[in-house]
Amino acid sequence: VFDSVAEAAERTGAEATAIYVPPSFAADAILEAAAASLRLVVCITEGIPVADMVRVAALLAAGRFGPPPTLVGPNCPGLIRPGHAKIGIMPGPIHRPGDVGVVSRSGTLTYEVVANLTRAGRGQSTCIGIGGDPVIGTRFVDALHFFEADPDTKAIVMVGEIGGSDEEEAAAFVKDHVRKPVVGFIAGRAAPPGRRMGHAGAIISGGQGTAEGKVRAFQAAGIAVASRPSEIPGMLRGK
């Protein structure tokens with residue numbers, strides 16, 4: 001047990017951290033990890049005030065604590081490379097080593113997609129839950145960049161949901177930069193406009209962030225779109 005993150009990193013050589021502290025302390029915990037020069041910060045905490053995360057994002061982007069760490073989350077299940085390592089709360093037993101990279105805004109849908117892949121005999125290279133808050137660290141484009149460069153990843157599954165424009169930006173990135181096959185799924189097709197569904201970022205506002213718009217963006221980028229998670233293994237067959 002150490003008195004600070006900096007002391008723990010110095011004495012153990014730690015390069016990564018998982019943050020589970022309550023929302024009112026989580027932003028400072030992220031900044032403390034950055035100040036300790038940790039390379040990977042995974043924040044599981046849900047309910048961090050958006051204003052706190054705006055402050056964190058600005059300080060990290062400005063290099064206030066040196067080179068910014070890779071931040072996954074907040075409000076996410078973390079990440080796992082089956083057979084190697086896990087940081088967060090993803091249920092290990094449903095995963096198996098393989099060649100499909102999975103990135104998702106929803107933790108529960110990540111588990112459902114992975115369980116379907118594993119039952120179909122298709123393992124995963126790395127699974128990343130990026131979180132469903134309005135302000136997060138790692139976004140779809142960041143994960144896609146990693147998967148495209150990862151030699152162990154042969155195909156990619158991207159699970160989005162209503163709200164925001166990350167999926168549309170990711171689709172444009174796929175069209176221009178990703179050569180590996182991508183299958184997508186968009187949750188929240190039945191969500192009424194103006195009502196938040198589950199995640200803080202899952203809200204359709206001003207006609208933006210609709211499921212239909214995201215599906216069209218995926219299809220225009222050549223991404224095969226599943227109607228339900230159970231269809232994904234079949235759509236990946238042969239890829």
Side-chain angles (χ1 to χ4, degrees), residues 1-97 101-105 107 110-111 114 124-153 166 199-201:
V1 177
F2 303 98
D3 291 331
S4 68
V5 174
E7 181 187 359
E10 180 180 356
R11 291 179 56 183
T12 67
E15 297 181 326
T17 183
I19 294 173
Y20 298 91
V21 301
S24 56
F25 307 111
D28 284 344
I30 295 172
L31 296 178
E32 183 182 5
S37 300
L38 295 179
R39 295 170 55 193
L40 173 64
V41 179
V42 179
C43 185
I44 309 300
T45 307
E46 180 178 0
I48 302 176
V50 174
D52 285 2
M53 283 309 303
V54 168
R55 175 173 62 91
V56 167
L59 290 172
L60 294 181
R64 179 70 176 272
F65 304 100
T70 296
L71 171 63
V72 179
N75 189 13
C76 78
L79 68 163
I80 185 171
R81 194 165 181 91
H84 294 273
K86 178 181 86 167
I87 301 179
I89 58 174
M90 290 199 187
I94 67 172
H95 297 79
R96 61 176 290 179
V102 179
V103 56
S104 172
R105 281 172 65 180
T110 305
Y111 313 154
V114 166
Q124 306 85 46
S125 56
T126 301
C127 302
I128 307 171
I130 61 175
D133 277 4
V135 180
I136 56 175
T138 297
R139 299 170 61 191
F140 277 123
V141 168
D142 303 309
L144 290 167
H145 189 276
F146 165 76
F147 286 138
E148 179 67 10
D150 178 27
D152 295 327
T153 298
D166 274 8
H199 291 149

query: Are Val135 and Asp133 close enough that some pair of their side-chain heavy atoms sits under 4.5 Å apart?
result: no
- prompt: Roughly how far apart are His95 NE2 and Gln124 CD, rounded to 0.5 Å?
  reply: 5.5 Å
query: Any side-chain heavy atom of Ile89 sitting closer than 4.5 Å to one from Pro77?
result: yes
- line: One should read off an interatomic distance between Asp52 CG and Ile30 CD1, to the nearest 0.5 angstrom, of 9.0 Å
field: Nearest heavy atoms of Phe2 and Ala8, plus distance in Å
entry: CD1-CB, 3.5 Å
- request: Specify the closest pair of heavy atoms between Val114 and Cys127, including all atoms of both residues, with the distance to one decimal.
  value: CG2-SG, 3.8 Å
message: Quick check on Tyr20: does its OH atom have over 12 non-hydrogen neighbours (other residues, nucleotides or ligands) under 6.0 Å away?
response: yes
message: Apply salt bridge (charged side-chain N to carboxylate O under 4.0 Å, His left out) to residues Asp152 and Arg81 and explain how you reach the verdict.
response: CA-CA 11 Å; Asp152 295 327; Arg81 194 165 181 91; 2.7 Å; yes
message: Could you check whether atom CD of Glu7 has more than 12 heavy atoms from other residues, nucleotides or ligands sitting under 6.0 Å from it?
response: yes
- request: For Thr138 and Ile130, indicate whether the former's side chain and the latter's backbone hold a donor-acceptor pair under 3.5 Å.
  value: no
message: Testing the basics here: between Ile128 and Leu79, what is the closest heavy-atom pair and its distance to 0.1 Å?
response: CA-CB, 4.2 Å
task: Evaluate the side-chain contact (heavy atoms from CB on, under 4.5 Å) criterion for residues Met53 and Val56: first the C-alpha distance (whole Å), next the side-chain angles of each, then the deciding distance (0.1 Å), finally the verdict.
output: CA-CA 5 Å; Met53 283 309 303; Val56 167; 4.3 Å; yes
message: So which atom in Leu38 and which in Ala14 form the shortest heavy-atom distance, rounded to 0.1 Å?
response: CD2-O, 3.3 Å
- request: Please determine which of Thr70, Thr126, Val141 meets the side chain to side chain contact (heavy atoms under 4.5 Å, CB included) test together with Phe146.
  value: Thr126
query: Any donor and acceptor pair, going by atom type alone, linking the side chain of Asp28 with main-chain N or O of Phe25 inside 3.5 Å?
result: no
message: Between Glu32 (side chain only) and Val5 (backbone N and O only), is there a donor and an acceptor less than 3.5 Å apart?
response: yes
- prompt: Is Leu31 close to Arg64 at the side-chain level, that is, under 4.5 Å between some pair of heavy atoms?
  reply: no
message: Working note: Thr110 + Met90, criterion side-chain contact (heavy atoms from CB on, under 4.5 Å); need CA distance, chi angles, decisive distance, verdict.
response: CA-CA 9 Å; Thr110 305; Met90 290 199 187; 3.9 Å; yes
message: Show the nearest heavy-atom pair for residues Cys43 and Cys76, with the distance to one decimal.
response: O-SG, 3.5 Å
field: Considering all heavy atoms, the nearest Thr17-Ile87 contact
entry: O-CG2, 4.3 Å
message: Do Pro74 and Ile136 have side chains that approach each other closer than 4.5 Å (heavy atoms only, starting at C-beta)?
response: yes
